[in-house]
Amino acid sequence: MLSAVFALTLLALTFGLLLGFASVQFRVEGDPLADRLDAVLPQTQCGQCGFPGCRPYAEAMARGEADFNRCPPGGQAGIEALAAVLGVEPKPLDPENGVEQAAMIAIVDENVCIGCTLCLQACPVDAILGSAKHMHTVISQECTGCGLCVAPCPVDCITLQPVPATLATWKWPSPLISANAQQEPARAAA
Amino acid sequence: MSVLNTITRLWRFHGGLHVPEHKAESNSAAIEALPLPAQLVLPLQQHIGAAARACVRVGERVHKGDALARADGYISAALHAPTSGTVVAIEPRPVAHPSGIPVLSVVLESDGRDEWGPNSLPTPIEDYLRLDPAYLRERVREAGIVGLGGAAFPTAVKLNAEGAIRVLVLNAAECEPYITCDDRLMRERAHAVIGGLLLMRRALGVKDCIIGIEDNKPEAAAALQAALEQFADDAEDVLLQQIPTLYPSGSEQQLIRVLTGVEIGRSRRPVDSGILCQNVATAAAVHDAVTEGRPLISRVVTVTGSGISTPRNLEVLIGTPLSALIEYCGGYTPRAARLIIGGPMMGLALPGDDLPITKGMNCVLVAGADDVSAPEESMPCIRCGECMNACPANLLPQQMYWHARAREFDKAQQVNLFDCIECGCCAAVCPSHLPLVQYYRFAKTEIWAAEREKKKAEQARARHEFHLYRLEREEAEKAARLQAKKSAAQQRGHEAETPAADPKQAAIAAALARAQAKKAAAKAEATAGESSNELSPEQLEKLAAARARAEAKRLAATQTAGEAANDATAALSPEQLEKLAAARARAEAKKAASAPAQANADAAPALSPEQLEKLAAARARAEAKKAASAPAQANADAAPALSPEQLEKLAAARARAEAKKAASAPAQANADAAPALTPEQLEKLAAARARAEAKKAASAPAQANADAAPALSPEQIEKLTAARVRTEAKKAAQEALAAATAAVAALDADAQEEAPTASPAAEATPAPLTEEQLARLAAARARAEAKKAAQSGKPASSDQEQ
Amino acid sequence: MQFATTTSPHVHLGNSVGRVMRRVVYALLPGLLALVWIFGPGVLVQAAIAVSTALAAEALMLTLRGKPLGRFLGDCSALVTALLLAIALPPLAPWWITVLGTGFAIIIAKHLYGGLGYNPFNPAMIGYVVLLTSFPREMSSWAAPLTLHGSTPDLATTLALVFGERSAETLDAVTSATVLDLLRTQIGLGHSVTEVRSSPVFGLLGARGWEWVNLAFLAGGLWMCRQRTAAWQIPAGMLGALAVISTLFWLVDAARFAPPWFHLFSGAAIFGAFFIATDPVSASTTPRGRLIYGAGIGVLTWVIRSVGGFPDGVAFAVLLMNIAAPTIDQYTRPRVFGARA
């Protein structure tokens, strides 16, 4: 009886020490959570989540101060990716933060632009090129479609438009969707 | 020893199908030439790689064989006029693509004469087998030849693998059902096919060639054999190999496997294995390009299927509408149910026949309802594995299907989705009638899109980080400056009492005063505003002194912006300037390329002649774009302090742009000139402007501001122009400076990207601004404000002047 | 002219789920006839009960799940499940056994898992195992073969036994223990295999009468493999593994272990190898995976027969290997064309 208790205690101690040693010695220096969350965010820097950019939002999520369903540009797929990083069940996008929509791009109506540079200052990725008193233009490759330049414009010359599809960016529809939506087109009478 | 001697057997690939061949319908009649169609539509993107760049203009007359578009980049192909006629449009037109997105196309109206131009044909070469390989490749490239088997990869690019290739395989398999264009071509033009093969062999520096032909084409094989004998010694080491008929043995990978035993997968390019595959029709086109100098302007197309009255093969000019082919073949039969470009296994079903023939189209199949599978409702997958048995790439189609369906794209990639060649075998045998190939295409394009998005997110992250860094740096610099200024002001306070002692401050005040004056004048009457520029410097200074104190408030308000501009520019090193110019040029180019909208050309200050030239070219292009596409406003600004040569060039470029603009747009034109022009130049410029202005006045009822003065005498115009030129120059200078602020930010970001096509070193470094510059700056600002006021307040002030 | 825009390929070679399933039914016919010849019309009665129950259950479930009836009833998959189960049941089993088993197979084992194509387990075998474990007495009273009694029960007797009152005497008169049962009990009593096999229920290869039934199933199964309706790797793997492992143990101790031909030609070995294990939905799908899957069933069958608690082990072996099928697939992916070996 006593020997059994003694043996078990000894074993527990030995393994406990071993585990403790291993946890110190073989600690895996994983990516900090905020980095991994930031890597999943779309980097639109739109602020719809209520934070000034994607990185602050990622940091807030990592601290547990923000919910992970507040990023409309990332959409449901983005929420699922965030949930996977956080190890929790996905949930739908919080409608308070906006709705998911197709990728957008800002277009400056150069007939109207007065060159006030307000949008230049608003752009989080410096994607607007222009100077004072001279009309501005959006570098379409750099624009994230965040829409932050729309509000500051005093003459409302900036609009968000869906990114046009090209042969290179066109995507085949899922057969699951097209099977439901598309009936065989009726053949016109010859 | 030749590699060919080691080929003692044929190999097998996994899977494959015996599909009903349906070749007899169309392979008995000889190839006929289709009559000249009235109009040809030539998409600039008919090949894999970058779209060609049009080198003709609307309205231009071209001869048969003239280049319509040039290859834009390494992987691209030129496009030639298939007949003589007039270019009537260069516009997006629908092409045979599942998306239905229109592609920029040259529309050529035939003049019916079909005549070759005096310069459209390079000299024919008889003794081509002794030619320099590099020259041969150049000829192929010039002829715009692409793979005619269907993939349309630029042939010249493939031929550039000189030295890396051991065996050249000629693909004569034509394994897709119904298609017989290669069969007929081999029967009728075997000599050209073999000649093209030998040419490509010479271009590649290869010795061994294998021709792989399916054993269902004995006549074609016999014709090739006869042609080989004609070539005698020249055709040594060419092996004609008949292979069993099994779909898809005509796929490059499978054909190479059958002939040589080598497996070429995604992880191993053909070149890595020293094997290159070319199609027979491509070989014939190469032969024609070299021996006749004939570019690729036509191809053989099979028109077949039970939905067509008389199936046959046609020699068709590239760009011919499909409907012309259908019509020539007797039109549709009542059974016609499906219009397919290509074969039934991999072809693309089109909604209608109002599309042009492109280089890669080998077959127009009009299938009857009972020849093709009805779009049947699919059943669930029962995991029977038939698809796996049929897959020539030895994949697990049903696992790819499950993952693609569930949108588990990473898992789909793990089961080698990208090794799928979309041959259609799996779907053809699926008992559940699942659209398997469509699932794979869907998954592939989704994965590509996700990769693009990821790349874009990375880019945005980097740019945002730099943005934050820039803001921080500017903040710090501003604080430092304020500190310096404060101490300086304290010092000055001891030295002198005058409020405007600082020359800089004085200048700014003066300028502001002038500006204010102008603004007021502009509000009342625009001409008066202009004339205020002609005040003598003394007058101005007086005026300024008077106004300076009253404007103190304004000064404070605008100071920030002005300062930012000044400091940024002052801080520019020559390298930065260079970057700036490059960045801007790139931005312009991007914009011009991407937007069907307004183009905007800005000039940087103190440009070197080379830069100017480039700039002028860029601007001209931008203008052209604009003229072509948009009923929009054009705005060209010039740089100050240009040398006479620079000015001349600039003026020329501008004149061209103006002409275009005037010709095309019902819009407002606004051309600004540079200072210090010679009298002649001014005159010319004025004349041009007068014309533009007249146009404007005539066409734009609204918003024509004080610029329009058509009724003025020449001297007046000259004066006015001179005045305007000065203001504009000031404005330009100011703009350039301010632009610098914004652009500097982009510099470092851009510098992180790939090296731009560097422009030569900028000549001048803008020193801290002189008084004069400051004055100009302020004046420009004022004037712009005046304009703004005029625009928003009084829409039609010019009418009053007249 | 406006045409339909479907995606490639535009031709289909005409295969369909219905065709696959009908071929399985055709392949079952020789075995079914042999069963009638050897054991009397009981199997046909069971088949009729099972098929009508299956179709009714299938129709009910399809309606509840809102699926098109015509398309899914026409695929004959319920018919195949019902026939397989009917063949596996004792020909004289009471009707409610069959109804219960078939209903369980269709409703729970098939439709509650998502219907055609989604069931992880073979529905017929689930039904069989549920019956075997719930009603062992009814499930073990097999009709005595023709060769033992000189006659088989006629249709009237059969119907009376299946639907009517089941008195012990009438039942004893027409049934007998199966050979696998006998072997298990006798070996348990300390007899050697050779002693047991001298009993009249044993035939030349396996059980008397069963030999012919199994040969008929073998013929149908081989035809099915030739038609590529069934993957040849699964029966090859299963029968091969069963033969190898039984030979090994038989060589070691012929007194305790039955010879390989006995294992192959008695019980459900042949029937299971060609008709149960090859159900594509629940089997492994890669070529190598199918061999492994089949071999696993073979080994498990032998183990259950020789050392397990049930006389025959095919049903359990199949269900156990169904669990392993996805894992087997995972590790037996074929080398992709062009990939380095």
Side-chain angles (χ1 to χ4, degrees), chain A residues 38-45 53-55 77 103 107-111 114-115 117 120-121 123-144 146 155 164-179 182-185 187-188 190, chain B residues 45 97-99 101 103 332 334 336-337 351 375 378 405 435 438-439 441-442 444-446 449 452-453 456-461 463-464 466-467 470 561 565 584 587 590-591 594-595 597-598 600 602 632-633 635 637 731 734-743 745-746 749 780-781 784 788:
Chain A
D38 191 39
V40 172
L41 289 171
Q43 304 302 324
T44 320
Q45 318 293 352
C54 295
R55 179 81 209 176
I107 305 282
V108 173
D109 183 346
E110 288 164 7
N111 287 318
I114 53 165
T117 74
L120 265 72
Q121 293 153 28
C123 182
V125 292
D126 293 335
I128 306 181
L129 196 66
S131 53
K133 307 297 183 285
H134 195 280
M135 68 174 121
H136 307 328
T137 187
V138 176
I139 307 171
S140 51
Q141 276 85 348
E142 313 284 3
C143 177
T144 64
C146 66
V155 291
T166 65
L167 289 192
T169 61
W170 179 78
K171 293 192 287 185
W172 282 90
S174 163
L176 275 180
I177 298 163
S178 52
Q182 169 205 331
Q183 297 300 319
E184 184 189 0
R187 245 183 67 198
Chain B
Q45 174 94 66
H97 188 272
S99 68
I101 297 173
V103 167
Y332 298 111
S378 52
R405 185 190 154 96
Q438 205 195 333
Y439 275 105
R441 289 176 175 146
F442 154 70
K444 284 179 184 177
T445 46
E446 285 289 335
R452 275 196 307 271
E453 256 166 46
K456 187 157 184 191
E458 286 303 322
Q459 193 186 352
R461 189 201 324 275
R463 285 188 72 90
H464 181 60
F466 178 77
H467 172 82
R470 180 175 66 84
R584 178 165 302 170
K590 267 184 194 168
K591 207 174 145 188
S594 69
Q598 210 166 14
N600 185 11
D602 306 349
Q633 182 180 8
N635 188 7
D637 307 295
K731 184 174 162 192
Q734 184 263 350
E735 268 161 12
L737 299 179
T741 329
R781 180 174 305 151
K788 190 164 132 193

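Just so it is clear, the model here is predicted, and its values are computed rather than measured. Each chain gets a letter, A, B and so on, in the order its sequence line appears, and its residues count up from 1.
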Q: Measure distances from B:Arg441 to the heavy atoms of chain A and classify the residue's part below 4.5 Å as side chain, backbone, both or neither.
A: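 Answer is both: backbone and side chain atoms of B:Arg441 are under 4.5 Å from chain A.
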Q: Identify the heavy atoms of A:Trp172 and B:Thr445 that sit nearest to each other, and give their distance.
A: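 Looking at all heavy atoms of both residues, the shortest contact is N-OG1, 3.1 Å.
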Q: Looking only at non-hydrogen atoms, find the nearest pair between B:Ala457 and A:Pro42 and report the distance.
A: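 The answer is CB-O, 3.5 Å.
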Q: What is the distance from atom NE2 of B:His467 to atom SG of A:Cys123, rounded to the nearest 0.5 Å?
A: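 Output value for this atom pair is 7.0 Å.
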Q: Quick check on A:Thr117 against chain B: is it the side chain, the backbone, both or neither that has a heavy atom closer than 4.5 Å?
A: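 When you check distances to chain B, no heavy atom of A:Thr117 falls under 4.5 Å.
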Q: Should A:Thr144 and B:His464 count as side-chain neighbours, where that means a heavy-atom distance under 4.5 Å?
A: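 No, too far: nothing below the 4.5 Å cut-off.
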Q: With a 4.5 angstrom heavy-atom cut-off, which part of A:Ala103 approaches chain B: side chain, backbone, both or neither?
A: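 No part of it gets close to chain B.
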Q: Shortest non-hydrogen contact from A:Asp126 to B:Phe466?
A: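 The answer is OD2-CD2, 4.2 Å.
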Q: Please flag which part of A:Ala168 lies under 4.5 Å from any non-hydrogen atom of chain B: side chain, backbone, both or neither.
A: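 Contact with chain B is through the backbone of A:Ala168 alone.
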Q: Between B:Pro435, B:Ala449, B:Pro98, who has the most heavy-atom pairs with chain A when the cutoff is under 4.5 Å?
A: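 Most heavy-atom pairs under 4.5 Å with chain A: B:Pro98.
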Q: Any chance you could measure B:Gln45, atom CD, to A:Thr166, atom OG1, to the nearest 0.5 Å?
A: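 Result: 9.5 Å between the selected atoms.
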Q: Any idea which heavy atoms bring A:Gln43 and B:Ala460 closest together, and the distance?
A: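 Closest approach of A:Gln43 to B:Ala460: O-CB, 3.3 Å.
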Q: Would you compute the distance between atom CZ of A:Arg55 and atom CZ of B:Arg461 and round it to the nearest 0.5 angstrom?
A: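 Between A:Arg55 CZ and B:Arg461 CZ, I get 8.5 Å after rounding to 0.5 Å.
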Q: Between B:Tyr332 and chain A, with a heavy-atom cut-off of 4.5 Å, which part of the residue counts as in contact: side chain, backbone, both or neither?
A: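 Neither part, no heavy atoms under 4.5 Å.
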Q: Check whether B:His97 gets within reach of chain A through its side chain, its backbone, both or neither, counting any heavy atom under 4.5 Å.
A: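 The side chain, not the backbone.
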Q: So do B:Gln438 and A:Pro173 actually touch side chain to side chain, heavy atoms under 4.5 Å?
A: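 Answer yes - side chains close enough.
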